[in-house]
Q: 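Sharing a structure below in structure tokens format, with a few things to ask.
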Number of protein chains: 2
Amino acid sequence: MPEHKVISFENIKVACKNCSLVTLCLPMSLTPEDVERLDAIVMRSRPLHRGDVLFQAGSRFRSLYVVKTGSVKTYTPSEEGGEQVLGFHLPGEIIGLEAIQSGQHTCSGKVLETSAICEIPFQRLEELSLAIPSLQHQMYRLLSKEIGQESEMLMLLGKRNAEERLASFLLSLSERFKKRGLSATDFYLSMSRHEIGSYLGLAVETVSRLFTRFQEESLLSAERKHVQLRDMEGLKAIASGQGSTSHTRRFP
Amino acid sequence: MPEHKVISFENIKVACKNCSLVTLCLPMSLTPEDVERLDAIVMRSRPLHRGDVLFQAGSRFRSLYVVKTGSVKTYTPSEEGGEQVLGFHLPGEIIGLEAIQSGQHTCSGKVLETSAICEIPFQRLEELSLAIPSLQHQMYRLLSKEIGQESEMLMLLGKRNAEERLASFLLSLSERFKKRGLSATDFYLSMSRHEIGSYLGLAVETVSRLFTRFQEESLLSAERKHVQLRDMEGLKAIASGQGSTSHTRRFP
DNA sequence: AGGGTTGCCTGATCCCGATCAAGCGACAAA
DNA sequence: TTTGTCGCTTGATCGGGATCAGGCAACCCT
């Protein structure tokens, strides 16, 4: 069926200007002509499937990757098979920024579900950003945003207890889904409990118990990967450390 | 004493090309002419003293700051007076990168000891980096480096126990001092135990106990702020999770 | 020098979350 | 259908590190 092939291929090759992510992704704040110039250097591959590796820690850095559909996790494989999850990436988010420095990836990227990924050769992007001031500006903002997000994560891991971490995580996902036009209260988790635990610095069992507890408290309902946030205010209270069951005494 | 004033003022106004940090800081890999161009936009103030605030969380972002001498901590002040330390910054390191994104500082910067700071108006730096490709490249690398370092910190906070954290912290300082031509094994800590604890996600008491334990194990000697690393290999073993007292079973 | 503050150290106790252990449902292959 | 595997859940126990409390030394201040 060559016809089918062509169709699915066309489906992948959505130009940036026609991509629904144009307001979230790199093209944000570029003129239509500049979007075309950016478009010319973007490479679009066939869809990847759950478990496919986007890049591996230690491999040479050539390109940044942007999630178009689906989701990706980045992680550092440790000796003895374990892994530390560093992040989950949704459509419009850019991956690989940490590798610019050394020219080598310091973490691996793996696809969590069937996903379409755009590849942007970094050297060409760098050249282009010299010619397009607003692209350079956008790059600086993107890199800076990543730094800010990791700082927030440092605070989460440094000072927050388990329930505060999970609540924050769910609210962060919620917000990101919302920005992408999806439901902020009803979504599917593409990552396992184990991966959530690794990301939040918690054991799987703790994550599981927290899901159970949150359900008992009517904060959400969860059935496997399907999550519905029922009480956003309650979750926000917990995430900000004002939860009723918090052990930390705020007013001695 | 106008004469004295002039001298100390001149002392501060070391041009980039004469600065000992030229190989660590932004000018790295720039041609002498380009260093002069960069030099023209750098602002150098009189020295700041312990406790002086460089910028405050929430204030408008205008400039990046580079430590010339001394040291700076960045932190997010939390309600109720507490603070979470996000980083310690030594000569040659750039501060404020997280604020590019929103145009507003998300953390505060405070000087830990008498320090000289260079201020670089970001808008002018951005313009200059359009004209100097190697400066743009250097900026990308710098931002990327920051991302990579924060990722390492995420791993530290997510997976390491208290002694692994403190050992890693001391070794990181050691390496950074070494790069600046100072002793890798004998140095002064400009930050308090409390600040170390906040940075590492530990209570002050734990940090203090660990210093004591490390001394008992002849890994180092510490008298208040003065630290001498005695057994680098031992510290490295602990930092990498191979310490003998580690609770985590690596080979079940 | 005296008196107050602050930073650091040490001991005792407690508790959150890791670890160990076991069972269960979903899903894939035989 | 059965069997095996994997992901998730739940229960029981343990311990690392937080918390509480007290004391000492250094370093302010006048």
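Chain letters run A, B, ... following the sequence lines, proteins first, then strands; residues in each count from 1. Side-chain atoms are counted along with the backbone in the values below, which use heavy atoms only and exclude waters and symmetry mates. Everything quoted here is computed from the prediction, not taken from an experiment.
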Q: Output the rounded distance in Å from CD (B/Q215) to C1' (C/dC8).
A: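 Computing the B/Q215:CD to C/dC8:C1' distance gives 12 Å.
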Q: Using atom names, set out every protein N or O paired with an N or O of nucleotides 28-30 of chain D below 3.5 Å, distance rounded to 0.1 Å.
A:
none

Q: Identify, with sequence neighbours excluded, every residue that meets salt bridge (charged side-chain N to carboxylate O under 4.0 Å, His left out) alongside B/K225.
A: none
Q: Looking only at side-chain atoms of B/E205, point me to the closest of D/dG11, C/dG11, D/dA18.
A: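 For B/E205, the side-chain atoms sit closest to C/dG11.
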Q: How many Å lie between CZ on A/R50 and C1' on C/dA28, as a whole number?
A: 14 Å
Q: In whole Å, I'd like the distance from the CZ atom of A/R165 to the P atom of C/dA18.
A: 8 Å
Q: Below 4.0 angstrom, which residues in residues 189-197 of chain A have at least one non-hydrogen atom near DNA chain D?
A: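 Listed by number, they are A/S192, A/R193, A/H194.
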Q: Please test A/E83 against A/T76 for side-chain contact (heavy atoms from CB on, under 4.5 Å), starting from the C-alpha separation and ending with a verdict.
A: CA-CA 6 Å; A/E83 65 178 43; A/T76 57; over 6 Å; no
Q: Could you please name the option among C/dG11, C/dC9, C/dA21 that lies closest to any side-chain atom of B/T212?
A: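 From the listed options, C/dC9 comes nearest.
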Q: The side chain of A/S208 lies closest to which of these nucleotides: D/dT9, C/dC8, D/dA18?
A: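 The answer is D/dT9.
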Q: Who pairs with B/F214 by ring pair (Phe, Tyr, Trp, His ring centres under 6.0 Å), at least two apart in sequence or on another chain?
A: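 If we apply the ring pair (Phe, Tyr, Trp, His ring centres under 6.0 Å) test to B/F214, skipping adjacent residues, there are no hits.
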Q: Yes or no on side chain to side chain donor-acceptor pair (under 3.5 Å) for A/T69 and A/S115, after CA distance, side-chain angles and deciding distance?
A: CA-CA 5 Å; A/T69 65; A/S115 302; 5.7 Å; no
Q: Separation of B/R209 atom CZ from D/dA18 atom P, in whole Å?
A: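 These atoms are roughly 9 Å apart.
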Q: Within the distance-only criterion (no hydrogens, no angle test), does the side chain of A/Q104 pair as donor or acceptor with the backbone N or O of A/F61 below 3.5 angstrom?
A: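 Checking the backbone N and O of A/F61 against the side chain of A/Q104, no donor-acceptor pair under 3.5 Å is found.
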Q: Suppose we screen for side-chain hydrogen bond (donor to acceptor under 3.5 Å, both in side chains). Which residues come up paired with A/S63, at least two apart in sequence or across chains?
A: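 Applying side-chain hydrogen bond (donor to acceptor under 3.5 Å, both in side chains) to A/S63 gives A/E119.
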Q: For B/F187, give me all partners under ring pair (Phe, Tyr, Trp, His ring centres under 6.0 Å), at least two apart in sequence or on another chain.
A: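 Once residues adjacent in sequence are excluded, the partners of B/F187 under the ring pair (Phe, Tyr, Trp, His ring centres under 6.0 Å) criterion are B/F177.
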Q: From CZ of B/F211 over to C1' of C/dG7, roughly how many Å is that when rounded to an integer?
A: 13 Å
Q: Going by an N to O cut-off under 4.0 Å, is there a salt bridge joining A/K110 and A/E195?
A: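 Judged by the 4.0 Å cut-off on N to carboxylate O distance, A/K110 and A/E195 do not form a salt bridge.
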Q: Just the rounded figure in Å: distance from P of D/dG17 to CG of B/L166.
A: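 The distance from CG of B/L166 to P of D/dG17 comes to 12 Å, rounded to the nearest Å.
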Q: Tell me: CG of B/N161 to P of D/dA18, nearest whole Å?
A: 11 Å
Q: In chain order, what residues pass the side-chain hydrogen bond (donor to acceptor under 3.5 Å, both in side chains) check against A/R230, with sequence neighbours excluded?
A: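 A/R230 satisfies side-chain hydrogen bond (donor to acceptor under 3.5 Å, both in side chains) with A/S221 once adjacent residues are dropped.
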Q: Any donor and acceptor pair, going by atom type alone, linking the side chain of A/T185 with main-chain N or O of A/L229 inside 3.5 Å?
A: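 Absent.
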Q: Could you give the CG-to-C1' distance, from B/L157 to D/dG17, as a whole number of Å?
A: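 My rounded result for the distance is 15 Å.
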Q: If only side-chain N and O atoms of A/K225 are considered, is one of them under 4.0 Å from the OP1 or OP2 phosphate oxygen of D/dG7?
A: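 False: A/K225 side-chain N/O out of range (4.0 Å or more) of D/dG7 OP1/OP2.
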Q: Which stems does DNA chain C form, counting runs of 3 or more consecutive Watson-Crick or G-U wobble pairs with both distances under 3.5 Å?
A: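 The stems that DNA chain C takes part in, listed by first number, are C:4-30 with D:1-27.
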Q: Strictly under 3.5 Å: I want the nitrogen or oxygen pairs between protein and nucleotides 25-27 of chain D, one per line.
A:
none

Q: Within the structure shown, what part of the strands sits under 4.0 Å from B/A203 by heavy-atom distance: base, sugar-phosphate, or nothing?
A: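 Base contact - B/A203 has a heavy atom under 4.0 Å of at least one base atom.
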Q: Return the set of residues passing salt bridge (charged side-chain N to carboxylate O under 4.0 Å, His left out) with A/E223 (not counting sequence neighbours), or none when no residue passes.
A: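 So A/E223 forms no salt bridge (charged side-chain N to carboxylate O under 4.0 Å, His left out) with any residue.
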Q: Who passes side-chain hydrogen bond (donor to acceptor under 3.5 Å, both in side chains) against A/D186, sequence neighbours left out?
A: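 If we apply the side-chain hydrogen bond (donor to acceptor under 3.5 Å, both in side chains) test to A/D186, skipping adjacent residues, the hits are A/H226.
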Q: Consider the side chain of B/T206, meaning its heavy atoms from C-beta on, and name the nucleotide among D/dA21, C/dG17, D/dG17 that approaches it most closely.
A: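 My answer, after comparing the listed nucleotides, is D/dG17.
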Q: Using atom types as modelled and distance alone, determine if a side-chain donor or acceptor of A/S168 lies under 3.5 Å from a backbone N or O of A/E164.
A: yes
Q: Which residues pass the side-chain hydrogen bond (donor to acceptor under 3.5 Å, both in side chains) test with B/E93, not counting sequence neighbours?
A: B/R176, B/R180
